[in-house]
Amino acid sequence: MSDACITVDHVSKSYRVYHDRGVTLKERLLRTNRTSYESRLVLDDVSLSIAHGRSVGLIGRNGSGKSTLLKLLTGIIYPDAGTLSVHGRISSLLELGAGFHPDFSGRDNVYINASIFGLTRRETERRFERIVEFSELGEFIDNPVRTYSSGMYMRLAFSVAIHVDADVLFIDEILAVGDANFQRRCMDRIRELRQEGKTIVLVTHDLSSVEKICDECVWLDQGRVVDQGLPQRVLDGYRLFMENEQAAQLAGMHHAASVPPAAPEPPPSSEPSAPDASDPPAPDAAAEAAPSPATPDDKRWGNRKATVESLVLVGEDGLERHRFSADEPVTAVIRYALHEPLDDLVFGFAVWTRDRIRCYGTNTHLDDLDVTGLPREGEVRIRMPRLGLVDNGYAVDVAIHSRTEVPYDYRLDAYEFNVYTNRKDVGVGRIEHTWHLPGKERGTR
């Protein structure tokens, strides 16, 4: 905990939802004793810790408590129970442009908004040109903000927020501002902040963004932490849960449509009937509605409708090895088993360095391969004419999943191997190239 930038310790938060709320002053006075409400628990005993320099994605269904947690961390609201702490200057991209005045110019609003984030006028002046350049407003910066389009408004607000030089950045569903080019620049800027060691907490329904920029993932549901860990594993568990929930909803709709009208029930007896000992206990509806507690396994997960029985890498002679030349052909052999009929299979693999830098990844869906009609057991082979990697140690992830990315079986670091080469290139992979030097008859590689 000493290295923690953000700590959330047994935090709970609830809101009052009023059913009989007066609108006018007269109604409020007349209904003083009749106002009723219910208390809705939004966060329920949440605890988590985020280390300095980590990028963490918060995922979950609408109403799971993600945005409420960010508002608590930024001090907009306060918890009913528990404690929170955040170390360092905070920049929050929750309500972009919250301090903008429509009748002031963009220039004036930059200074106003920057002061809300804690910058002095001199600090804002040093950043002003960069803010305007990033927002792409140019000559419009001196126009009143009320004349801006919604995209211009959001671009300016986003640009101010990311130039605060904060230690901690909170982002809530605002990565879709502007056009495609501006979105790309936003993602590039966030990656730069990661490299600078900033702590980032991101709330989004765009799961691909979590995979691209986050080191960890936290899954919230009904105000509780369901799982926390590597983004790949947590996201796959979330996808599996959502698919099961959708299947249950469709099954319920089908059952309701097919069940005939019920016969009239007899009048209730005055004596409560004793339960039959042979009857199974009634399930807890609340327990069924919530996702089952995850059993974290950072090396393997999935629903096991199909399984990866083994993975080996073999050389040209067909023999398994763990050391290959960068220029020799290599074949990955995946033995699989299907435990029920499946018509949406996708086989995939990815190569990583030992410190989890992705070198390459693909799957049968991306390569437009027909994966129907496979036998219940068999081998899938991936032949690579040459690895083209630099001298280093590597690991292979292998997966079987559906086309909607629900994991059947995902195995992390399923096989480890080393690559050797006489070349002294640095990086991950080797790009074929030729040097052409003046006065030389032939190029040098």
Side-chain angles (χ1 to χ4, degrees), residues 55-58 62 66-77 86 88-194 196 198-206 209-210 212-214:
S55 298
V56 178
L58 295 182
N62 288 329
K66 307 183 299 296
S67 296
T68 298
L69 180 56
L70 281 198
K71 290 178 181 178
L72 287 167
L73 290 171
T74 55
I76 297 174
I77 57 177
V86 181
R89 173 184 275 180
I90 295 173
S91 177
S92 59
L93 283 71
L94 278 63
E95 301 288 343
L96 286 181
F100 280 14
H101 193 293
D103 291 326
F104 292 169
S105 68
R107 181 184 300 272
D108 294 333
N109 276 294
V110 166
Y111 283 91
I112 294 171
N113 207 230
S115 67
I116 293 175
F117 285 119
L119 295 184
T120 65
R121 185 174 184 83
R122 181 171 295 178
E123 289 174 325
T124 306
E125 287 174 351
R126 289 201 300 266
R127 295 167 171 80
F128 184 80
E129 292 302 326
R130 284 183 288 155
I131 292 172
V132 176
E133 180 183 1
F134 192 91
S135 68
E136 300 177 342
L137 288 180
E139 61 187 23
F140 300 102
I141 194 64
D142 289 311
N143 291 1
V145 165
R146 58 180 164 76
T147 65
Y148 288 3
S149 67
S150 58
M152 295 166 67
Y153 184 95
M154 299 298 279
R155 292 206 311 268
L156 182 60
F158 184 91
S159 185
V160 174
I162 63 171
H163 284 89
V164 173
D165 289 347
D167 303 303
V168 184
L169 184 64
F170 294 114
I171 306 173
D172 188 5
E173 289 289 4
I174 50 78
L175 290 182
V177 299
D179 55 25
N181 288 334
F182 189 77
Q183 290 176 30
R184 176 183 53 77
R185 294 181 65 198
C186 291
M187 294 297 291
D188 290 344
R189 177 57 180 158
I190 290 174
R191 290 190 182 95
E192 291 175 6
L193 294 174
R194 282 187 63 198
E196 293 170 9
K198 310 298 184 183
T199 304
I200 300 173
V201 180
L202 167 68
V203 168
T204 182
H205 290 288
D206 181 6
S209 294
V210 177
K212 291 175 183 175
I213 65 177
C214 292

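Please read these numbers as outputs of a predicted model, since none were measured by experiment.
For Asp103 (side chain) and Arg146 (main-chain N/O), no donor-acceptor pair under 3.5 Å exists by modelled atom type. Looking at Ser159, its side chain does come within 3.5 Å of a backbone N or O of Ile131 through a donor-acceptor pair. Checking side-chain atoms of Arg155 against main-chain N and O of Ser135 turns up a donor-acceptor pair under 3.5 Å. Remark: side-chain polar atoms of Arg89 are paired, donor with acceptor, to backbone N or O of Val164 under 3.5 angstrom. Side-chain atoms of Thr199 do not come within 3.5 Å of backbone N or O of Val168 as any donor-acceptor pair. Using modelled atom types, one side-chain atom of Arg189 and one backbone atom of Ile162 make a donor-acceptor pair closer than 3.5 Å.
Atoms CG and CZ, on Leu156 and Phe140 in that order, are 13.0 Å from each other to the nearest 0.5 Å. Interatomic distance, Phe104 CZ to Asp142 CG, rounded to the nearest 0.5 Å: 14.0 Å. Interatomic distance, Ser209 OG to Leu202 CG, rounded to the nearest 0.5 Å: 6.5 Å. Of the inter-residue distances, the one linking Asn113 atom CG with Ile116 atom CD1 reads 5.0 Å to the nearest 0.5 angstrom.
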| task | List the steps and the verdict of salt bridge (charged side-chain N to carboxylate O under 4.0 Å, His left out) for Glu133 and Arg130. | result | CA-CA 5 Å; Glu133 180 183 1; Arg130 284 183 288 155; over 6 Å; no

| task | In sequence, state the C-alpha distance, the side-chain angles, and the governing distance for Arg107 and Phe128, and then conclude on side-chain contact (heavy atoms from CB on, under 4.5 Å). | result | CA-CA 9 Å; Arg107 181 184 300 272; Phe128 184 80; 3.3 Å; yes

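Across Val203, Val201, Ile190, a single residue satisfies side-chain contact (heavy atoms from CB on, under 4.5 Å) together with Ile171, and that is Ile190.
Between Ser67 and Asp172, the closest side-chain pair of non-hydrogen atoms falls below 4.5 Å. A 4.5 Å side-chain heavy-atom check between Tyr148 and Asn143 finds at least one atom pair inside the cut-off. The closest side-chain heavy-atom distance from Lys198 to Leu169 is not below 4.5 Å. Counting only heavy atoms from C-beta outward, the side chains of His101 and Val145 never approach each other to under 4.5 Å. Under the 4.5 Å side-chain criterion, counting only non-hydrogen atoms from C-beta, His205 is in contact with Asn62. Contact of the Leu58 side chain with the Leu69 side chain is registered, since non-hydrogen atoms from C-beta on lie closer than 4.5 Å.
Heavy-atom minimum distance, Ile213 versus Met187: CG2-CE, 3.6 Å. Scanning both residues, Ile90 and Leu73, for their nearest heavy atoms gives CD1-O, 4.0 Å. Residues Gly57 and Cys214 share a closest heavy-atom pair of N-SG, 3.5 Å.
A salt bridge (Lys or Arg N to Asp or Glu O under 4.0 Å) check over residues 108-123, counting only residues at least two apart or in different chains, returns the pairs Arg121-Glu125.
Taking the six-membered ring for Trp and thresholds of 30 and 60 degrees, His163 and Phe134 have ring planes more than 60 degrees apart, a perpendicular arrangement.
Arg185 has no carboxylate O lying under 4.0 Å from a charged side-chain N of Asp188, or vice versa, which leaves the two without a salt bridge.
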